[in-house]
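Single-structure report; data block below.
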Amino acid sequence: MSDLLHSGAGGCGSHACTCQERENVSLPRIEAPLEASRSVFPTPHVNGIALCETNELLDAMELRQRACTELLRQAAMAQGLLAFDDPVPSAGAISEAAGAAIERLLDTELHLPEPGDEAGRRHYQAHAARYACGERVLARHVLFAVTPGVDVNALRQRAEVCLLDVRSATPEEQAAGDRFAAAARASSNCPSGAEGGQLGWLCAEDCAPEFAKELFGLAEVGVLPRLVHSRFGLHVVDVLERESGTVPPYEQVRAAVLQQLRQLSFATALSQYLRLLAGRARVVGVDLDAAQTPLVQ
C-alpha cells in the first residue's frame, strides 16, 4: 500500500522559508466532545470496524483514507485474498498481509487501459506548460499555518481578510508603503515574514506539489486572486516575476506524459471502485465524497 500513498517533500521552496519543518497538518481536526455520548457522536466505522479510538484526533483526509483502506481490506477478505482473522488495523496501520492482499485485489479489479500516443499528444497539447523545463517564479507569501487544535474556519477568515486587503491596495497606498510586506511581517507564520514574505526565485521542484501547481504553468503575475492551500496551511501569494521555461517536444517527454495518463487512469478507476464498495457497505461518520481518490492524494 505504501506506493499508493503520496508523500511529497519540500516546502514552499525558498532557503528563507522553513515551512517544511512544520508538522504535516493541513486539514481540520475532528474530535467528538469528551462529554458527548457515543450515540450522538458515533465512532466512525466501516461495517462495524472502528476507524479510530473514541478520543483519537484525526484530520479529515486521514479519516477518509482509513475508511477507504478498510473498504479494500474487507473486499480482499470477501475475495478470499486475505484471512478473515486478519488483525483489525491499529491507528490506521494494516498488517503486511493485508497490504499485499489489497495490491492483488487492485491488480484484479482495476482494469487500466494502456495509453497510446494519440491520447498522449492530446494531453501534452492541453498541458504543455506542465512539462516546461527551467520555468522560474519570483514570489512572496503570507502563511497562515494550520496546526493541531487551530480553529480552521477562523484561520481561513483571517487569510481571506488579508488577501482582500493586499489585493485592494490603491497605487497611492502602495506608494506610501508595501502593504504586502507589512502583512507578511505582521501575520505570516513563516520565518520569511521577517523579510516581507520573500521566497526568492523558485522552481517547481523546489516546492510542495500542491503549492507548485498553483504557481507554475500559468501566466498570472501579481497577488493571486485565491488562497493557495498546501499541507502547511493557507497562503496569500504574490507573484512578482516569471521566467518562462522551454517546452520540449512531445518525443522528449513522451514517457512522462504516458506515465501521467496511467496515474490519472488509476486514480479514476480506484475512485470508481471505492464508490462501488462504499455503496455496498455501511459507512458511518465519514464523508467519502469530499475526496475522489483519497489513497492517491
Quick one: are [X] and [Y] in side-chain contact, heavy atoms under 4.5 Å?
X      : Y      : result
Phe216 : Leu202 : yes
Leu63  : Asp287 : no
Thr268 : Tyr273 : no
Phe180 : Val223 : yes
Leu234 : Val228 : no
Pro89  : Arg66  : no
Asp165 : Cys162 : no

| task | Evaluate the criterion side chain to side chain contact (heavy atoms under 4.5 Å, CB included) for residue pair Leu199 and Phe211; output intermediate values, then yes/no. | result | CA-CA 13 Å; Leu199 295 174; Phe211 190 81; 4.2 Å; yes
Can we say [X] and [Y] salt-bridge, meaning some charged N sits less than 4.0 Å from an Asp/Glu carboxylate O?
X      : Y      : answer
Glu160 : Arg226 : no
Glu210 : Lys213 : no
Arg242 : Glu135 : yes
Arg104 : Glu109 : no

Can a donor-acceptor pair be found, under 3.5 Å and without considering hydrogens, that links the side chain of [X] to the backbone of [Y]?
X      : Y      : answer
Ser271 : Ala267 : no
Gln74  : Val46  : yes
Asp117 : Gly120 : no

| message | Ser230 vs His235, test: side chain to side chain donor-acceptor pair (under 3.5 Å). Steps then yes/no. | response | CA-CA 8 Å; Ser230 82; His235 308 254; 2.7 Å; yes
Looking only at heavy atoms, what is the nearest atom pair of [X] and [Y], with distance?
X      : Y      : result
Phe144 : Leu155 : O-CD2, 3.6 Å
Leu82  : Ala101 : CB-CB, 3.9 Å
Ala183 : Val166 : CB-CG1, 4.0 Å
Ala281 : Leu71  : CB-CD2, 3.7 Å
Ser187 : Arg158 : O-NH2, 4.2 Å
Leu258 : Gly116 : CD2-O, 3.7 Å

| Between Val137 and Glu243, does a side chain to side chain contact (heavy atoms under 4.5 Å, CB included) hold up when you go through it step by step? | CA-CA 6 Å; Val137 169; Glu243 288 184 357; over 6 Å; no
| request: Specify whether Tyr131 and His123 have parallel, tilted or perpendicular ring planes, treating 30° as the upper limit for parallel and 60° as the lower limit for perpendicular. | output: perpendicular
| task | Determine, stepwise, if the pair Arg262 / Glu114 fulfils salt bridge (Lys or Arg N to Asp or Glu O under 4.0 Å). | result | CA-CA 7 Å; Arg262 292 186 191 99; Glu114 182 64 20; 2.6 Å; yes
